[in-house]
Amino acid sequence: MTEAVHTGMAANILNYVFPNDLHVHWSLMIVLYPYITGIIAGAFIVSSLYHVFKVQDLKPVSRYSLLFALAFLACATWPLLNHLGHPERNWEMLITPNPTSAMAGFGYIYSLYAILLIFEVLFIYRPTMVALKAQSTGKLKTLYNILTFGSEDLSPRSIALDKKIIAFLAAVGIPMACILHGYVGFIFGAVKARPLWSSPLMPVIFLLSASVSGIAGVIFSYVLIQKYKGRPVDSKCVITLSKFLWGAFIICFTFEMLEIFQHSYLKTHHWDMIHGLLWGPLKTSFWRMQVGICSLIPLFLLGILIIFKVREKAFVFFATIASGLLLLQVLLMRWNVVIGGQLMSRSSRGFTTFHPAFFEKEGILPAILIMAAPLVILWLLGKIMPMWEDNQPSTEPTTRT
Amino acid sequence: MQSYNTHVKRIVLLLAIMALVGYGAKKVLTPSTFGEYGHYRGAAIEKEANRPLKHMTNYSCKSCHAFEWEIHEYGKHKTISCEFCHGPYANHVKDGKYVGRLPVKKGLEIKTLCIRCHNKEIKARPKDVIKTIKMPDHLKSQHVREDHICNQCHHVHAPLRYINRAKKVLGLLTGKEAGNEGR
Amino acid sequence: MKDVKAAINKDRREFVKKVLRGSIAGSLFLVLPMGGEGSIQIPEQIPGIRGKEYDMSKQRFAFIVDITRCIGCGSCCVADKREYDVPDGHYRTWVERYIKDFDDNVYVDCPNGGLDGYQKPRTDIPGKIRDTFFVPKLCNMCERPSCVQVCPVGATFKTPDGFVLIDKDYCVGCAYCIQACPYSARFLNPKTKTADKCTWCYHRVRKGLLPVCVHVCPAKARKFGDLNDPESEVSKILASPEVITVLKPDMGNHPALYYKGLRREVV
């Protein structure tokens with residue numbers, strides 16, 4: 001293939017896409033799926049930093065980040081179910097999972113992770129919920145009774161047992177979160193027919209970007225919620241989270257660029273297509289948006305905040321902006337990988353196009369609804385389980401808003 | 001009756017019940033022929049094997065259309081399937097009963113159909129496989145009007161049938177071709 | 001044939017069903033019932049399939065596409081679309097046209113998958129044309145199929161007789177197999193909402209008939225046959241010193257679809 005194809009000049013005559021490659025089968029829903037599981041894994045890691053690694057600065061968000069993960073976990077399968085041609089057959093994934101399929105394990109890994117996360121939340125909240133049960137009546141009381149498994153024992157012995165179980169679950173949860181999301185990366189990395197995906201770096205990049213999106217999601221939503229509620233933001237917590245965010249993102253971004261550099265240096269026959277893709281259909285969404293605006297700006301912004309002495313208020317303000325940009329960065333990365341990989345025809349001679357419609361089954365509106373759902377669920381969870389350390393029922397029983 | 005670990009016991013019990021129900025569901029819901037040959041439903045093979053046929057072979061036309069079949073079978077077009085030009089057998093006969101008329105190409109449709117294969121402009125066609133012609137040069141060189149349809153000279157089922165017969169009458173056929181009865 | 005006639009008279013409807021299922025073993029003819037008493041006997045196109053129990057574990061089939069013979073008429077594509085009611089815009093088989101100029105530029109096109117044939121020459125090629133040819137494509141029936149490897153539920157599988165098929169009643173429609181196929185032979189059928197692809201006309205082969213694309217090919221560019229039969233055309237071609245190759249050998253899928261006279265530009 002000559003260089004002419006990349007200039008666009010000759011693209012219309014050299015551009016040949018296999019007839020079955022004109023359709024992009026993995027659409028917006030499959031962009032959201034790794035995004036959501038990434039946020040789950042990342043937010044869980046935040047809570048584990050406190051529960052396992054005893055990073056005391058993160059105490060204010062230790063409970064919130066778990067609920068944040070749980071809310072997204074509740075919706076992780078929605079984009080998949082909406083994507084399936086036969087969602088009513090989803091149980092087959094659990095009944096007859098194909099041992100050689102990278103996708104078949106998802107049902108089991110996801111279910112195990114869900115069980116782990118739910119029980120960690122229940123154990124952490126047990127003392128709180130026992131107190132809330134005493135204050136509530138009717139259906140709410142029954143709910144708390146179920147969620148505490150009918151136990152009201154808050155004796156030191158019982159609490160000590162809970163603490164051990166929590167530590168165990170949080171510790172097991174870290175490799176589980178890594179498996180959950182590294183595995184999602186492997187679903188893509190294992191597809192040898194798609195040169196942009198098939199790379200052993202794919203699970204690593206997915207895992208690192210999962211941490212980035214989870215930490216960024218916690219910072220961004222924590223600051224916004226506190227501002228909205230008119231409560232003080234714990235700037236020490238935000239600073240510590242930002243340091244972790246910066247560190248995770250430096251490694252993540254390095255691997256992302258390394259992947260491209262490796263392709264560009266090897267210059268195999270795949271490079272012509274990857275080059276054509278990144279400087280063609282993905283030029284805006286990859287170079288300008290993902291790399292330019294959403295990676296370099298937060299990278300330098302966080303660096304300046306962390307290295308130089310910045311007033312705490314300014315730190316929180318700019319860290320929130322950087323977090324917002326990084327949330328967008330990860331979403332763009334999912335888009336560029338999932339959609340970008342499919343834009344390259346396996347003819348090695350051309351690119352197809354993809355423009356999601358607003359109202360279609362896997363269009364923009366369902367995507368917005370699916371992304372909004374975890375926020376609604378989080379709000380509902382907050383009604384039952386107080387998210388913040390400062391409004392636990394023991395100190396202030398009436399703040400269940 | 002409540003002890004410090006009541007809730008833990010209950011949780012373990014719940015998980016055990018869930019695991020049992022899951023295992024039971026897997027046993028009950030796994031399709032019966034699953035795993036017969038491999039990690040799939042064995043019955044799916046027979047289902048695919050029993051897919052109803054839509055196309056048959058040229059022999060399926062013989063008993064009713066013996067005359068056309070005979071011309072086609074011994075002509076230059078014998079490798080062309082009846083069903084390509086006329087449509088699949090299943091649209092014509094089902095369970096031994098006539099169910100519908102198959103199309104017969106007429107007029108310009110015939111020309112389009114001929115040109116689909118015989119157009120010399122498409123250079124990719126190997127010469128030893130197919131004889132190609134250029135329109136309207138072919139009509140000019142044969143000294144016929146340019147609005148002639150191919151089947152005015154060529155029998156669609158055996159394209160050289162009339163031509164070779166005419167050549168024979170005029171004594172232009174030699175050797176092997178002459179013995180061919182001009183099919 | 002006496003017992004066949006008796007069977008027809010006994011329970012005509014049941015007989016017709018059996019015939020269409022191809023389940024009358026022992027008969028060398030595929031018998032089509034006709035109006036009245038008559039019946040048509042269709043001879044085998046693949047010798048050795050009928051007349052005995054079909055043992056899946058003992059079959060070896062190969063498909064050979066002869067690039068040097070394809071005339072790009074698109075008969076195969078038309079027959080395939082009719083046999084399977086393939087929805088518009090999706091292709092179980094297609095025919096590509098390659099044009100190569102003296103500067104080694106390669107121009108490929110495949111308007112409507114070749115369904116309308118190639119009726120007009122390309123006029124948008126600036127250089128002098130060196131070589132031009134057609135390449136039919138279909139399922140490669142890999143020895144090591146990527147689609148089967150990735151299917152999460154076991155809805156696509158390789159049969160003991162070497163066919164990669166899809167269980168349409170079990171497929172969840174996740175499209176992972178479509179991503180994994182290096183040959184883009186698969187698509188998501190919008191009618192059934194399941195994966196779909198070429199089956200090498202498994203239902204015809206089991207009845208001793210050639211895949212419909214092979215049957216309708218006027219140029220004999222598509223060949224299908226039994227590798228257990230040393231007299232079959234495919235056996236002879238594969239045993240000959242002809243240049244035989246497969247698509248994308250570096251993918252490691254080991255296709256059972258061979259190409260004769262394939263040029264290096266073809267992917």
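Order of the sequence lines sets the chain letters (A, B, ...), proteins ahead of strands, with each chain counted from 1. It should be emphasised that the depicted structure is a prediction, and the values quoted were computed from it without experimental measurement. Hydrogens, waters and symmetry mates play no part in the numbers below; they use all other heavy atoms, side chains included.
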Please report the closest heavy-atom contact between [X] and [Y], naming both atoms and the distance.
X        : Y        : value
B:Pro52  : C:His203 : O-CD2, 3.9 Å
C:Pro121 : B:Glu121 : CB-O, 3.6 Å
B:Arg125 : C:Ile71  : NE-O, 2.5 Å
B:Leu53  : C:Lys207 : CD1-CD, 3.6 Å

Roughly how far, to the nearest 0.5 Å, is the [atom2] atom of [Y] from the [atom1] atom of [X]?
X        : Y        : atom1 : atom2 : value
C:Leu209 : B:Met56  : CG    : CE    : 7.5 Å
C:Gln119 : B:Leu113 : CD    : CG    : 9.0 Å
C:Arg122 : B:Ile122 : CZ    : CD1   : 11.5 Å

So which of [options] has the biggest tally of heavy-atom pairs under 4.5 Å with chain B?
options                               : result
C:Ile99, C:Thr156, C:Ile129, C:Val78  : C:Val78
C:Cys70, C:Gly117, C:Gly72, C:Cys73   : C:Cys73
C:Leu210, C:Thr68, C:Thr199, C:Asp116 : C:Asp116
C:Tyr54, C:Tyr98, C:Phe134            : C:Phe134

Is [X] close to chain B through its backbone or its side chain, or both, or neither, when contacts mean heavy atoms under 4.5 Å?
X        : result
C:Leu165 : side chain
C:Ala155 : neither
C:Cys151 : neither
C:Lys220 : side chain
C:Val205 : neither
C:Lys168 : side chain

Donor-acceptor pair, distance only, cut-off 3.5 Å: does the side chain of [X] make one with the backbone of [Y]?
X       : Y        : value
B:Arg51 : C:Tyr84  : no
B:Arg41 : C:Gly154 : no
B:Glu83 : C:Ala79  : no

[atom1]/[X]: more than 12 non-hydrogen atoms of other groups inside 6.0 Å:
X        : atom1 : answer
C:Lys191 : NZ    : yes
B:Lys47  : NZ    : no
C:Phe102 : CZ    : yes
C:Arg130 : CZ    : yes

Under the side-chain contact (heavy atoms from CB on, under 4.5 Å) criterion, do B:Asn58 and C:His215 qualify, and how do the steps go? CA-CA 9 Å; B:Asn58 288 2; C:His215 162 59; 3.9 Å; yes
Does some side-chain heavy atom of B:Tyr37 sit less than 4.5 Å from a side-chain heavy atom of C:Met56?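 Contact flag for C:Met56/B:Tyr37 side chains = yes.
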With a 4.5 Å heavy-atom cut-off, do C:Phe157 and B:Ile45 have their side chains touching?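 C:Phe157 vs B:Ile45: side chains touch.
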With a 4.5 angstrom heavy-atom cut-off, which part of B:Asn91 approaches chain C: side chain, backbone, both or neither?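 Contact with chain C: none, neither part.
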Given a strict heavy-atom distance threshold of 4.5 Å, which part of B:Lys123 is in contact with chain C: side chain, backbone, both, or neither?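 Looking at B:Lys123, backbone and side chain both touch chain C.
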At a heavy-atom distance under 4.5 Å, which candidate from [options] has the highest pair count against chain C?
options                            : result
B:Thr112, B:Thr57, B:Ile80         : B:Thr57
B:His39, B:His55, B:Lys78          : B:His55
B:Ala43, B:Gly38, B:Ala90, B:Pro31 : B:Pro31

Can you name the one residue among C:Pro218, C:Cys217, C:Ser75 that meets side-chain contact (heavy atoms from CB on, under 4.5 Å) with B:Phe84?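 Checked C:Pro218, C:Cys217, C:Ser75 against B:Phe84; only one passes side-chain contact (heavy atoms from CB on, under 4.5 Å): C:Ser75.
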Hey, mind stepping through C:Val212 and B:Lys54 against side-chain contact (heavy atoms from CB on, under 4.5 Å) and telling me if it holds? CA-CA 9 Å; C:Val212 72; B:Lys54 282 188 114 178; over 6 Å; no
Looking at B:Phe34 versus C:Tyr170, is the centre-to-centre ring distance below 6.0 Å?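 Here the rings of C:Tyr170 and B:Phe34 have centres that are less than 6.0 Å from each other.
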